[in-house]
Amino acid sequence: MSVRVDHEVVIVGTGFSGVGMAVALRAAGVDDFVMLEKADEIGGTWRENRYPGCESDIPSHLYSFSFELNPYWSRTYAPADEIQDYLLFCVEKYDLRRHVSFDSTVQQATYDEASATWEITVASSWGTLRTVRTRALILGVGALHEPVVPEIPGLETFAGELMHTATWQPGTTVTAKRVAVIGTGSSGVQIVPPLVEDADAVTVFQRSAPWVLPRVNTEYSDKLIDTFEQHPAALQAHRTRIRATHELKAIEFTRRPGVRKAASRIAQEHLRAAVKTPELRARLTPDYTIGCRRPILSNDYYPALAQGHVTLETDPIYHVEPHAVVTSGGVAHRADVLVLATGFDPSGSYRYLGITGANGRVLADDWASGIESYLGVTVPNYPNMFVLLGPNTLVAHTSTLLMVEAQIGLVMKLLRERENRRASSVAVRPQVVPGFTAELARRTDKSVLRTPGCRGWYLDSDGTNRTLWPGSVAEYERRTAKPEMIDYEFN
Ligand code: NAP
């Protein structure tokens, strides 16, 4: 059946995934695509996460596109603003802004089997609705998009400023205020030191102590930046070196318990050097194997906690009152500002998109008991739909953008194959996914994620790993670079 198609491709989201996808489409000569962006500016993680201290924990020369190396990074780990500026630069350079439709929230996307197209209902903040029909729906909505708001009794009664790290309002000041921070993962460890610098008093509520390793965050000299600018080969070599070191470290780390022990000793020494009180040190010592959660690098977190106006509270939170957070021990910690550094729900990104695939399948139902896919990109019964940074494609040890670029390559290959075969749809065969899921489970069982006491957002409530890729990036690149077309059905 022939229907009017508005765009060959619709990309949802303008973060790194969406922008990378758009560049690949343009490079392949596809100009008929739209990028739907719910906000009024380009971006994803780095537009939304604007809390003090927010910066990349992967060196920026690697946390950037391989096709757009940037000689101008100011330091090893660039701050959030600089990363967002880089993304905006890419958008201008590749002339993508004209493809973006701002204030466009996807409410529903329904697959029409007769025409092999997706009909997408898009809402604006004014309440208007419109539909967009496309032959390919690409979800670049980010894996860590949906903030977790903890279910703490009385949280809604808090009378001061209440913010999740992902909803921090730039310009907020904590000078002369009392601040409470709940959560000590990557975001908590980054936000605490700048808050401690400005606030009158800070209480950090820690449920589990994180492993924190020292970090070398070198400022790049003008001379080195000039060298990178004038000698692209030197810039490329620098990136290649960073990539190789990260991959090698991870392989050693996951395969050799001795390497993990050595890393724990470095972290313990790092703690001992900054925190002189044995009692505080004991409470800051993790009770799980290093590597089972994302490694955290910080030189200023422990010194911040050791300051006189900072309290580390390890008793469970009992409830929140209008002006205080109260622990199960009955201690009320007064607060004017309450910061939730409580992380993200990795499956939450897809919950509100209202996706209905072939045979009336509803993605929210299919994924209710766990998100799963093939290579993180395609999902059976959802033809012509592609996910970027989907299930099991995050990496803890290196840049996720390497995974995103591999996925973009796979999407382009599948779209090209669909065209070559003169087919109107492509979908992964349903029988392929159980074997792939079993492989992920088998490999997870042999990993550090199965060491005693390992919990955290990499594992879902059943203890299943639905977030991390269990191998190297090089392996993922190999598997996506030459897809087995037999795994897919073209109709
Ligand atoms: P997270 O790692 O999930 O940490 C959440 C923290 O909140 C944990 O300490 C958790 O305690 C605590 N928490 C959650 N619910 C709680 C409750 N009800 N009561 C008390 N404590 C509670 O989240 P995140 O720090 O935002 O980091 C998430 C991911 O985002 C990272 O792993 C990383 O991939 C990414 N990230 C990256 C950067 C970067 O590149 N610079 C920065 C920030 C985040 P438990 O540990 O006991 O669960």
Side-chain angles (χ1 to χ4, degrees), residues 15-16 44-46 48-60 62-64 75-84 142-155 163-168 180-193 203-212 215 217 246 283-284 286-288 291-298 301 312-320 325-328 333 338-346 348-349 389 393-401 403 453-461 467-469:
F16 270 96
T45 298
W46 304 101
E48 301 202 352
N49 285 269
R50 307 309 287 261
Y51 58 84
C54 182
E55 54 194 29
S56 166
D57 59 4
I58 295 294
S60 302
L62 190 58
Y63 192 87
S64 40
R75 54 186 63 232
T76 315
Y77 302 96
D81 287 357
E82 209 176 316
I83 303 172
Q84 174 68 2
L144 301 175
H145 180 72
E146 205 52 43
V148 168
V149 176
E151 288 176 18
I152 301 173
L155 188 61
M163 273 173 291
H164 190 279
T165 46
T167 60
W168 183 272
V181 180
I182 302 178
T184 54
S186 305
S187 305
V189 168
Q190 284 188 340
I191 200 173
V192 163
T203 308
V204 177
F205 292 85
Q206 171 192 281
R207 197 165 63 177
S208 330
W211 284 105
V212 181
R215 180 178 83 150
N217 192 12
H246 278 68
R283 289 191 293 135
L284 285 169
D287 62 358
Y288 57 89
C292 111
R293 295 175 179 203
R294 189 175 181 86
I296 299 180
L297 308 176
S298 172
Y301 180 63
L312 179 77
E313 180 55 87
T314 47
D315 274 354
I317 297 167
Y318 183 56
H319 70 258
V320 171
V325 180
V326 183
T327 65
S328 60
H333 296 271
L338 175 50
V339 179
L340 305 175
T342 42
F344 301 86
D345 172 2
S349 307
L389 273 192
T393 60
L394 294 181
V395 281
H397 65 284
T398 187
S399 171
T400 44
L401 297 188
M403 300 294 278
C454 188
R455 44 191 195 281
W457 67 270
Y458 287 157
L459 301 171
D460 70 8
S461 52
T467 53
L468 280 194
W469 172 245

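Note that ligands are numbered from 1 as they come in the structure, with each ligand's atoms numbered from 1 the same way. Please read all numbers here as calculations on a predicted model, not as lab measurements.
Between the side chains of S186 and R294, no donor-acceptor pair of N or O atoms lies under 3.5 Å.
R293 forms no cation-pi arrangement with Y458, by the criterion of a distance under 6.0 Å to the ring centre and an angle within 45° of the ring axis.
Rounding to the nearest 0.5 angstrom, the gap separating the OH atom in Y63 from the CG atom in L401 is 4.5 Å.
T393 is linked by a side-chain hydrogen bond (donor to acceptor under 3.5 Å, both in side chains) to Q407, counting only residues two or more places apart in sequence or in another chain.
The two residues S60 and Y77 make their nearest non-hydrogen contact at OG-C, 3.9 Å.
Listed for the R207 side chain is no donor-acceptor partner under 3.5 Å among the backbone atoms of F205.
In this structure, ligand 1 sits under 4.0 Å from heavy atoms belonging to Y51, E55, S56, D57, L144, P150, I182, G183, T184, G185, S186, S187, Q190, R207, S208, R293, R294, A341, T342, G343, F344, W457.
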